[in-house]
There are 2 protein chains.
Amino acid sequence: MKQVSIPTLKRLPSYYNIISTAIMDYGEKYISSSKIAKELNIDDTQVRKDIAATGYVGKPKVGFDTFELRLHLEQFLGFNELKEAYLIGAGNLGVALSKFEGFRKFGLDITAMFDNNPEKIGKKIKDKQIYCISEFQDMVRKNNVKFVIITVPATSVNDIIYVVEDSQIKAIWNFSPVNLKVSNDIIVLNQDLATSFVTLVHLLNTN
Amino acid sequence: MKQVSIPTLKRLPSYYNIISTAIMDYGEKYISSSKIAKELNIDDTQVRKDIAATGYVGKPKVGFDTFELRLHLEQFLGFNELKEAYLIGAGNLGVALSKFEGFRKFGLDITAMFDNNPEKIGKKIKDKQIYCISEFQDMVRKNNVKFVIITVPATSVNDIIYVVEDSQIKAIWNFSPVNLKVSNDIIVLNQDLATSFVTLVHLLNTN
DNA sequence: TAGATTGTTAATCGATTAACAATC
DNA sequence: TAGATTGTTAATCGATTAACAATC
């Protein structure tokens, strides 16, 4: 996959959404960088640079072919290939995430949940079964799962992190409010919700 | 409040967590910038710069007084003053967020939830009542609430956003997968979970 | 053709990192 | 004092924005 910077990468899904809307709601064949930019309140040069970074080229005078670009971004961002993920921590947040239909569109499929609470184990959330954490490593190996989503409380992280570390898992999406550190070459994305809120409060207080 | 850059602001809560741990678990009186930096895999100069930006000064040779700095960061980040917030959309994610105890520590207190589903209205999630969306504007005015958390599905955003816009709300924390645009001077933080996942996938594919 | 839009080079801006003097 | 650590200036790096030629 082509290398793009993290800031660029974070903007691409927004472009994708805008292009999708242009197709679905307005049937537009072409879209200009300035139109996308205006929608997001950013610079239009940045939009062109970002799109160029993914390897797609537009048509001078006309803009970007909406169908082509949407397909291109889908492939570039990997929306078209389903990525199986397991989720540890069948609490409120875990259940919410596993029920969230929107992830499918981005290629994320949560196929099983894990917990250590005997009352939860064996139950189903929609079509997703809750398994005992002791089955985690075997199932990861058997199904070649690379992604895990962690939604256990802060106090339980230490109980489960070694299970994840000692598995074939390649990437962790961590929702627990703990800065995860893993020893080996597992990639971690700490999704600390409180940090985001702090930013919002600060923006409000300084504006 | 002192102006600090967004990147700095996003790192400060992590510093706060590390300092808290140093106090609680190890009873340390002083902590050095390099120790914090090592914990987060960042540069120690950056830690000193960030802390300096908040207006706190350390002690050459010894480091930073853990108690003082923790208190200072609490005040700087506003953790000590409770911020009342309403939540719209009593679905899985909404319930998960409203039950999340961790927010209290950061000064966020979700005191009421709103929905348009008659089956949900009137029920309680823990101590939080679910109200009809029609009561939103009155309650915001009466209680001088400034923050709203939006957890409705993408398809319902258009039904509720005008209610928020036409209220005294000052800041929106938006979890729906729609890039919110509001006309007036309301601050919006779009917390698009899918965007984060895209980043994780890309990191895995390029590393 | 003229106008609109892309693609790209150059300029600017801001954040990160390096170097080092000041300090207890 | 010597050593360790902060605070701060300077250098580097990378992302954003401006300018403009190329293009249909």
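Residue numbering restarts at 1 for every chain, and letters A, B, ... go by the order of the sequence lines. Every value quoted in this text rests on a predicted model; they were computed, and no experiment measured them. The analysis underlying the following values was restricted to heavy atoms, covering all of them including side chains, and did not include hydrogens, waters or symmetry mates.
Residue A:Tyr30 contributes atom OH, which lies 14 Å from atom C1' of D:dT23 at whole-angstrom precision. Between the CG atom of A:Leu69 and the P atom of C:dT6 there is a distance of 11 Å, given to the nearest Å. Here the P atom of nucleotide D:dT16 and the CD1 atom of A:Ile6 are 12 Å apart, to the nearest Å. Taking atom CG of B:Asp50 as the reference point, atom P of D:dT8 lies 14 Å away to the nearest angstrom. D:dT16 atom P lies 12 Å from atom CG of A:Leu9, rounded to whole Å. Spacing between atom CG of B:Asp65 and atom P of C:dC24 amounts to 15 Å, rounded to whole angstrom units.
Residue order along DNA chain D, read from the 5' end via each residue's closest nucleotide, puts B:Ile51 first among A:Lys61 and B:Ile51. For the pair B:Thr8 and A:Val62, both in contact range of DNA chain C, the more 5′-proximal nearest nucleotide belongs to A:Val62.
Using a 4.0 Å heavy-atom cutoff across all strands shown, A:Ser34 reaches no nucleic acid atom at all. Looking at heavy-atom distances under 4.0 Å, A:Ser33 makes contact with sugar-phosphate atoms alone, never a base.
OP1 or OP2 of D:dT6 sits under 4.0 Å from a side-chain N or O of B:Arg48.
Using modelled atom types and a 3.5 Å distance limit, the side chains of B:Asp43 and B:Thr45 yield a donor-acceptor pair.
Taking the six-membered ring where the residue is Trp, B:His72 and B:Tyr56 present tilted rings, their angle falling between 30° and 60°.
Between B:Glu84 and B:Lys146 there is no salt bridge, since none of the side-chain N atoms of the basic residue sits less than 4.0 Å from a carboxylate O of the acidic one. Salt bridge present: A:Arg48 and A:Asp44 bring a charged side-chain N and a carboxylate O closer than 4.0 Å.
Here the rule is side-chain contact (heavy atoms from CB on, under 4.5 Å) with A:Tyr86, and of A:Asn143, A:Val164, A:Ile150 only A:Asn143 fits it.
In this structure, the side chains of A:Val198 and B:Tyr16 stay at 4.5 Å or more apart for every pair of heavy atoms.
Across residues 36-47 of chain B, B:Asp43, B:Thr45, B:Gln46 each have a non-hydrogen atom less than 4.0 Å from an atom of DNA chain C (numbered order).
In the interface, the side chain of B:Lys49 is paired with the base of C:dT17 through a donor and an acceptor atom under 3.5 Å apart.
In this structure a side-chain-to-backbone donor-acceptor pair under 3.5 Å is present from B:Lys120 to B:Ala90. A donor-acceptor pair under 3.5 Å links the side-chain atoms of A:Thr66 to the main chain of A:Glu28, judged by distance alone.
Closest of all the heavy-atom pairs between B:Met139 and B:Ala112 is CE-CB, 4.3 Å.
Listed nucleotides D:dT6, D:dA15, C:dA15 differ in distance to A:Pro7; the shortest reach to its side chain belongs to D:dA15.
Where pairing requires Watson-Crick or G-U contacts shorter than 3.5 Å, the helical stems of DNA chain D with at least three consecutive pairs are C:3-24 with D:3-24.
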